[in-house]
Amino acid sequence: MVGREETVDDKQILEFVEASSDPIVTTAEVADHFEFSNSGILKRLHPLSDSNLLGSKEAGRTYVWWITDKGQKSLSDELNAGEIE
């Protein structure tokens, strides 16, 4: 795959969305946090939404994102697996 090296993994994105004090985050908030462009972070967010780990909705000219039950379970399962080892 051509492009910049992946410096942020999906887990980090999910953790950021889950930790937000608001129930939703905007594309720009996620992009700013990880120092990505909006278009760059959208390439990461859409697959997470397609996998039902994040929910999304177009809100005007942007998207808003939230962590789904499946996304929370995914993070919880990873945490629990790490504690067992």
Side-chain angles (χ1 to χ4, degrees):
M1 182 173 163
V2 177
R4 82 184 217 181
E5 182 180 334
E6 191 171 294
T7 57
V8 175
D9 64 31
D10 290 347
K11 180 183 173 205
Q12 290 172 291
I13 295 170
L14 293 174
E15 288 173 336
F16 172 76
V17 176
E18 182 182 48
S20 173
S21 60
D22 293 321
I24 60 170
V25 295
T26 65
T27 301
E29 288 172 321
V30 182
D32 289 347
H33 179 78
F34 291 109
E35 298 180 351
F36 275 65
S37 66
N38 281 0
S39 61
I41 202 68
L42 281 171
K43 292 176 185 174
R44 302 296 307 281
L45 293 169
H46 281 296
L48 292 171
S49 180
D50 292 344
S51 298
N52 199 30
L53 297 170
L54 289 178
S56 67
K57 181 176 182 175
E58 197 168 358
R61 296 174 50 133
T62 191
Y63 282 88
V64 292
W65 308 89
W66 59 91
I67 192 156
T68 63
D69 290 341
K70 182 179 177 183
Q72 289 176 328
K73 183 174 181 340
S74 172
L75 287 175
S76 176
D77 288 350
E78 278 194 36
L79 177 64
N80 290 336
E83 290 176 353
I84 294 171
E85 295 180 352

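Index from 1, following the sequence. Side chains included, hydrogens not; waters and symmetry mates left out as well; all remaining heavy atoms used.
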Response to the item:
Closest non-hydrogen contact found for Ile41 with Ala31 is CG2-CB, 3.7 Å

Discussion item. Ser56: which residues meet the side chain to side chain donor-acceptor pair (under 3.5 Å) condition with it, sequence neighbours left out?
Written reply: Ser49

Worksheet item: Does Ser39 have any side chain to side chain donor-acceptor pair (under 3.5 Å) partners at least two apart in sequence or in another chain, and if so, which?
Response: Ser37

Worksheet item: Does the side chain of Leu75 come within less than 4.5 Å of Ile67's, by heavy atoms?
Response: yes

Fill in: side-chain hydrogen bond (donor to acceptor under 3.5 Å, both in side chains): pairs with one or both residues in residues 58-72, sequence neighbours excluded
Thr27-Trp65

Worksheet, complete the sentence: Rounded to the nearest 0.5 angstrom, the OG-CG distance for Ser74 and Asn52 is 11.0 Å

Discussion item. With salt bridge (Lys or Arg N to Asp or Glu O under 4.0 Å) as the rule and sequence neighbours excluded, what pairs involving residues 39-51 come up?
Written reply: Glu6-Arg44, Asp10-Arg44

Item to complete: List for me each residue that meets side-chain contact (heavy atoms from CB on, under 4.5 Å) alongside Ala59, sequence neighbours excluded, and say none if there are none.
Response: Val64

Worksheet item: For residues 15-33, which residue pairs qualify under salt bridge (Lys or Arg N to Asp or Glu O under 4.0 Å), counting only residues two or more places apart or in two chains?
Response: Lys11-Glu15

Item to complete: Report the distance from atom CD1 of Ile24 to atom CG of Leu54, rounding to the nearest 0.5 Å.
Response: 12.5 Å

